[in-house]
Amino acid sequence: MSRLIVVSNRVSVTKGRGAAGAQGGLAVAMNGALRKHGGIWFGWSGNEVARFTGQLTMQRADGFTTATIDLEPHDVDEYYNGYANRTLWPLFHYRIDLAEYETEFGRGYERVNEQFANSLVPLVEEEDLVWVQDYHFLPLGERLRAHGLKNRLGLFLHIPWPPTRLLVSLPYHERLVRAMLHYDVIGFQSTEWLESFLHYCRKELQADVDEDSGTVQLDGHVAVARAFPIGIDYKEFMAFRGTQTAQRAYERLAGSARNRSVVIGVDRLDYSKGLPERIDAMERLFTTHEDMVNRLLYVQIAPPSREDVRSYQEIRATLEQKTGQFNGAHSDVDLVPIRYVNRGFGRAELFGFYRAARIGLVTPMRDGMNLVAKEYVAAQDPEDPGVLILSRFAGAAEQMSDALLVNSHSAEDVARALWTALHMPVEERRARWEKLNAVVRDHDVIGWAEDFIALLAAPPFHHM
Ligand code: ADP
Ligand code: F6P
């Protein structure tokens, strides 16, 4: 079996019981995949140094090795806070109103991609498969080829791919996508993002695109683009069932809710997750059904994320204000309807919280996949499962059509789904859950990685 080298911006080894947090779906998924397959996980340490050296810090983790480099503060600013999170992230989540186009960000992004290529090349042996993750490294494949690497190179995008009409608002968009075509395999979370990508290649680059196989040919490069919906590490997650930590977390939440039904949200504090809109939906529900005030407890767990970026500071302030206002208006001496918790929890605790919740509220405005939806389903009691309310704008909606699918822009729609979920008979809850759970169980992160790696290892085309 070829050695696997995974590259991602964030390298974060999760520990079942330890403090987990805002590291997001990519880190949780890569832990699962690498534990199974072994290999090297290469990326940014998360630390800053005055002068970039490219010096690698190697550490042995659970079945794999991590290799990390430190970055200079202005690189972090321009590449990570700048181009990745102030330009690409909002644009790719359809928020061109928030996207900032600064030449310095673009330069920093290219510079750091080159630094990554420089540090990575000496690590790579002839037969290695190199698998790059996410929007931080769209041009890394091209950089690696420029260094003479002939290995198979794959890219997986964890976030949506925007419609062509939005993407063309990005200066130098052609250059960015042309650079991506140096990868052999390009993976997306859903067919919707894949189709947008192929559409762009055909329309804007006049590439030769075969929709059926996902093959894109341009200037002698052949890349294959496919949808590989990511899953959770089902076995690892299910091992928390019945643990003391999960049980205690369950009792803590269920007990403190007393006779109210718990609605749970678990998200990085990000404007793409639709958190203020959830409060609007609660408001709508409480206005139309006054009795709901005494029947629901909404727990939103939202650890801060990307705190140096202004739009993230703003979403945090907005949420604090809205939660405060809402609770001010609807609380009583012995009742507060929203518990807003700004921190991370261990994965075993999350399991217990999910299980204690009658409703999983997963309503992003736009999301590559959304693993919380899958974790919520996995954690349910098969005899008395809760109901998943899922935004149709999450990649997960393509696979999870037995959830209550909602338009997260419509407070009315989400409020209606909350009411329906609360009144759903147990037979219907079980029937929906069984289908959803089969999807989550049968399409886990291990299979996801295997499928991607299989195509990467044996592509039906030749590198020219
Ligand atoms: P994203 O990658 O955009 O953050 P996902 O829903 O795909 O969104 O993945 C989020 C992952 O991070 C899930 O595995 C979830 O359990 C984890 N996570 C999110 N918030 C917390 C938290 N407060 N504590 C622990 N884990 C969290
Ligand atoms: O899964 C999407 C993602 O953007 C990952 O790429 C990223 O690691 C994660 O969310 C959390 O964001 P960050 O690494 O910027 O804290």
Side-chain angles (χ1 to χ4, degrees), residues 6-12 14-32 41 43-46 76 79-86 88-90 92-93 132-138 155-160 189-190 229-234 236-237 240 249 264-275 299-309 312 340-354 360-379 388 390-391 394-396 400 440 444-445 448:
V6 168
V7 183
S8 68
N9 174 66
R10 188 168 293 278
V11 174
S12 168
T14 55
K15 295 182 186 66
R17 279 151 224 275
Q23 83 266 53
L26 183 152
V28 175
M30 291 332 293
N31 271 276
W41 189 359
W44 176 35
S45 61
V76 174
Y79 143 80
Y80 174 71
N81 290 322
Y83 202 76
N85 289 324
R86 289 165 68 175
L88 294 181
W89 179 275
F92 280 43
H93 287 85
V132 177
Q133 311 292 324
D134 234 355
Y135 59 103
H136 311 87
F137 298 120
L138 302 182
L155 170 75
F156 185 80
L157 189 68
H158 291 254
I159 66 175
Q189 298 273 29
S190 75
I230 203 168
I232 62 169
D233 190 343
Y234 188 80
E236 176 252 15
F237 199 58
F240 296 128
I264 196 163
V266 177
D267 309 77
R268 270 183 314 103
L269 220 174
D270 193 299
Y271 49 82
S272 65
K273 301 292 183 184
L275 302 176
V299 178
Q300 178 62 54
I301 298 175
S305 174
R306 305 174 191 162
E307 290 172 275
D308 293 330
V309 177
Y312 286 79
Y340 171 52
V341 188
N342 256 168
R343 69 177 183 90
F345 288 91
R347 302 186 52 67
E349 282 175 295
L350 278 188
F351 188 102
F353 294 152
Y354 288 135
L361 190 56
V362 184
T363 53
M365 313 312 281
R366 200 58 68 172
D367 209 332
M369 171 54 68
N370 197 293
L371 291 179
V372 168
K374 297 187 172 183
E375 291 170 356
Y376 174 76
V377 166
L388 174 65
L390 177 62
S391 163
M400 304 182 85
V440 176
D444 68 352
V445 75
W448 166 78

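Atoms within a ligand are numbered from 1 in the order they appear, just like the ligands themselves. For clarity, every value in this text was computed on a predicted model and none was experimentally measured.
For a threshold of 3.5 Å applied to N or O pairs, the pair formed by Leu350 and ligand 1 contains no separation below that value. Below 3.5 Å of separation, one finds an N or O of Tyr80 facing an N or O of ligand 2. Between Leu371 and ligand 1, a contact under 3.5 Å exists for at least one N or O pair.
Assignment of Arg268 to the shell around ligand 2 is supported, since a heavy atom sits closer than 4.0 Å. The closest approach between any non-hydrogen atom of His136 and ligand 2 is below 4.0 Å. The shell of residues lying under 4.0 angstrom from ligand 1, judged by heavy atoms, includes Lys273.
Of the charged side-chain nitrogens involved, none lies within less than 4.0 Å of a carboxylate oxygen, so that Asp444 and Lys374 do not count as a salt-bridged pair.
Ring-plane geometry between Phe353 and Phe345 is classed as perpendicular, the angle between the planes exceeding 60 degrees on a 0 to 90 degree scale with a lower cut at 30. Ring geometry, Tyr376 versus Tyr354: the interplanar angle exceeds 60°, so the pair is classed perpendicular (tilted spans 30 to 60°).
Taking 4.5 Å as the limit, every side-chain heavy atom of Val341 sits out of range of all side-chain heavy atoms of Gln300. Within the 4.5 Å cutoff, no side-chain heavy atoms of His136 are placed close to those of Arg10. Here the side chains of Ile232 and Val445 are not in contact, with every heavy-atom distance at 4.5 Å or above. Proximity of His158 to Phe156: side-chain heavy atoms (C-beta onward) are separated by under 4.5 Å at one or more points.
Only the side chain of Ile301 comes within contact range of ligand 1, with a heavy atom under 4.0 Å; no backbone atom does. The residue Met369 has no part lying near ligand 1, judged by heavy-atom distances below 4.0 Å. Neither the backbone nor the side chain of Asp270 comes within 4.0 Å of ligand 1, counting heavy atoms alone.
Taking every heavy atom of Arg343 and a limit of under 4.0 angstrom, the matching atoms of ligand 1 come to 23 (N). Heavy-atom proximity to Glu375, at under 4.0 Å, picks out these atoms of ligand 1: 13 (C), 14 (O), 15 (C), 16 (O). Taking a cut-off of under 4.0 Å to the non-hydrogen atoms of Arg347, the atoms of ligand 1 that pass are 14 (O), 16 (O). Below 4.0 Å from some heavy atom of Tyr354 lie the following atoms of ligand 1, by number and element: 16 (O). The contact set between ligand 1 and Arg268, taken as ligand atoms under 4.0 Å from a residue heavy atom, comprises 1 (P), 3 (O), 4 (O). Residue contact check: Pro303 has heavy atoms under 4.0 Å from atoms 20 (N), 22 (C), 23 (N) of ligand 1. Within the listing of ligand 1, atoms 19 (C), 20 (N), 21 (C) sit less than 4.0 angstrom from a heavy atom of Val266.
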Report the C-alpha distance between Tyr83 and Trp89 in whole Å, list the side-chain angles of each, state the deciding distance to 0.1 Å, and finish with yes or no for side chain to side chain contact (heavy atoms under 4.5 Å, CB included).
-> CA-CA 8 Å; Tyr83 202 76; Trp89 179 275; over 6 Å; no
Kindly determine whether Tyr80 and Asn9 satisfy side-chain hydrogen bond (donor to acceptor under 3.5 Å, both in side chains), including the steps that lead there.
-> CA-CA 9 Å; Tyr80 174 71; Asn9 174 66; 5.2 Å; no
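Note: Tyr135 and Phe92 fail the aromatic proximity criterion, with ring centroids not under 6.0 Å apart.
The option from Tyr376, Phe353, Phe345, Phe351 that lies nearest to atom 25 (C) of ligand 1, judged by heavy atoms, is Phe345. When the heavy atoms of Ile159, Leu157, Asp134 are ranked by distance to atom 6 (O) of ligand 2, first place goes to Asp134. The residue from Met369, Arg306, Arg10, Met30 that puts a heavy atom closest to atom 3 (C) of ligand 2 is Arg306.
The two residues Val440 and Ala378 come nearest to each other via the heavy atoms CG1-CB, 4.3 Å. Minimum heavy-atom separation, Gly344 to Pro303: N-CB, 3.9 Å.
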